[in-house]
Each structure stands twice: as structure tokens, then as C-alpha cells.
Amino acid sequence: MATNRKFTRRALMRTGLLAGLAGGVLAARTRRVLAALPPTPVQTKGPFYPPELPLDRDADLVRVDGRGEPAKGRVAHVFGRLLGPDGTALKGARIEIWQCDGLGRYHHPADGGGLDPNFQGFGFTETDAEGRWRFRTIEPVPYPGRTPHIHVQVLAPGWEPLISQFYIAGHPLNARDFVRRRLSEAEAARVTSPFDPAPDIEAGAVAASFDIVMGATPRQG
């Protein structure tokens, strides 16, 4: 009987230990699920991604190499971080943006090629070790049928490409924009930011911050 009691006590202890371990694993998984960041919503690439990238395609769209004048429009510093769904910073990813110029024209043959030759129209950068990215561009303006927006594409190693758009908080055309209206209220909030005056960054400029969160499933293979 003593042996059985010892065996039973040992089994209960082992069962309790396993239950504790299982509970710990489940709790950790639950914490990971609860901590998952909602992804940046996927939106249309649109018809005006440049068929041929400009020779000058750095992160400063306001100045074009070889031209003496800056782009028309209000300078905007747009920046943020690139994160995985668990909040991990993603470094070494390529971030691209493109938008119409200050006169409402894309630098694309289908839209007439743009009216402002001093606007780069497209730029790219890479995220640093903390997932940070930054562009110097112009505050987006509307063009027929669309609220002001900036297109963004993310090419991160090991992840499916992400294409989305950024919007100005409070702009009166947002509610009527046919692309933005496809988003839920929560999704729209994740790609909308105020473009606030930023004299500490540059005189007369505005600034907007957008964190980009990749989807939950990395690319396989």
C-alpha cells in the first residue's frame, strides 16, 4: 500500500507539473495572441506606379538632382517604423512611396507625366536596425476622384510584399474617397495621421507618423 501511495503521490506530482507546464505554454501563447499588432491594411497599388524608376529616387522627393528649384507644395516629413505582428522591428526592408505632384499630376505617362519637373514623384529607403524609415516629400494633394494620399510599398525579406496608402487625418475628402471607404473604421485609422506643423524639423514643414505592421504570415520558402 505504501508503494501505491508513493506511486500515486508521484503520479499526481508529475501530472500537476505537466499541467503547470501546459498552462504556462498556453498562457504564453495567449499573451502572444493578445499582443499581436493589427496589420496595416492592404490597398490598391493604383495605375500610376512608375513604369520606369527615376534616376534620382532617394528618400528626398522635394529635390531632384540637377535642378535648382524645390518641388511645389508644402514640405512634409513622413516617417515611422516597420514591425512584425509581434512588435519586432524589421530591418533591411525596402520602403517605396509615390504620389502626385503639388499640381495633382503623377509622373506617369498615363497621367501626362506630371507638371512639376522639380518633384521626384517616387522614392525609396531602407529600414534601420530599429525598423525606422523616413521620407522628405510634399504634403499630398487631391486629384480628380481621390482624397490626398501617399502610396507605399514594403518589400521585406521573408515577407509577402505589402501595398497600402497613407491619408491626412480630418481631410474633408476622406469620407467620399472610394478606396478609403473600403476600409473599416479601425483599418482606416491605422493608415491615417495628422500632418502637423513641424518647425523643429524644418521651417514651414509638416510631419506625419505611420507605423507599418506586416501581416501575420511570412512568405514561405
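Quantities reported herein were computed from a predicted structural model and do not represent experimental measurements.
- Using bins of under 30°, 30° to 60° and over 60° for the plane-to-plane angle, the ring pair F122/F124 lands in the tilted bin.
- Under the rule for a salt bridge (Lys or Arg N to Asp or Glu O under 4.0 Å), E185 has no partner lying at least two apart in sequence or in another chain.
- In plain terms, the two heavy atoms of P157 and A93 that are nearest each other are CD-CA, 4.2 Å.
- V75 and W98 sit in two unconnected hydrophobic clusters of ILVMFWY residues. Membership requires side-chain heavy atoms under 4.5 Å apart, directly or through other members.
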I would like to know whether V141 and C100 meet side-chain contact (heavy atoms from CB on, under 4.5 Å); could you show each step before the answer?
CA-CA 7 Å; V141 301; C100 66; 3.9 Å; yes
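- L173 and F178 are assigned to two separate hydrophobic clusters, defined by single-linkage of ILVMFWY side chains at heavy-atom distances under 4.5 Å.
- Within the 6.0 Å centre-distance limit, the rings of Y143 and Y106 are counted as a close aromatic pair.
- Closest approach of A89 and G131 over heavy atoms only: CB-N, 3.8 Å.
- Between the OG1 atom in T137 and the CG atom in L61 there is a gap of 4.5 Å [rounded to 0.5 Å].
- Heavy atoms only, all atoms of each residue included: A59 and T125 are closest at CB-CB, 4.1 Å.
- By the 4.5 Å heavy-atom criterion applied to side chains, I97 and V78 are not counted as neighbours.
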List the atom pairs, with distances to 0.1 Å, where a side-chain N or O of residues 45-53 and a protein N or O form a donor-acceptor pair under 3.5 Å, not counting sequence neighbours.
unit_1, atom_1, unit_2, atom_2, d
Y49, OH, E96, OE1, 2.9

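- The list of side-chain hydrogen bond (donor to acceptor under 3.5 Å, both in side chains) pairs with a residue in residues 69-81, not counting sequence neighbours, reads H77-E202.
- Of all heavy-atom pairs spanning G80 and S209, the tightest one is CA-OG, 4.4 Å.
- Counting heavy atoms from C-beta on, the side chains of F119 and Q99 come closer than 4.5 Å.
- The OG1 atom of T40 lies 7.0 Å from the CZ atom of R190; values are rounded to the nearest 0.5 Å.
- Considering only residues two or more places apart in sequence or on other chains, V179 meets the side-chain contact (heavy atoms from CB on, under 4.5 Å) condition with Q43, T44, R146, Q165, Y167, D177.
- The shortest non-hydrogen separation linking A76 to I138 is CB-C, 3.7 Å.
- With sequence neighbours excluded, the residues satisfying side-chain contact (heavy atoms from CB on, under 4.5 Å) with L90 are L82, W159, M214.
- One hydrophobic cluster, built from ILVMFWY side chains closer than 4.5 Å, holds both I168 and V62.
- Ion pair R132/D128 flagged as a salt bridge, since at least one NZ, NE, NH1 or NH2 atom sits closer than 4.0 Å to an Asp/Glu carboxylate oxygen.
- The side chain to side chain donor-acceptor pair (under 3.5 Å) test applied to N174 returns T147, not counting sequence neighbours.
- Within the 4.5 Å cutoff, the side chain of I212 has heavy atoms near those of the V152 side chain.
- Residues D60 and R136 come closest through the heavy atom pair OD2-NH1, 3.1 Å.
- With hydrogens and angles ignored, the 3.5 Å screen pairs a side-chain donor or acceptor of D86 with a backbone N or O of T88.
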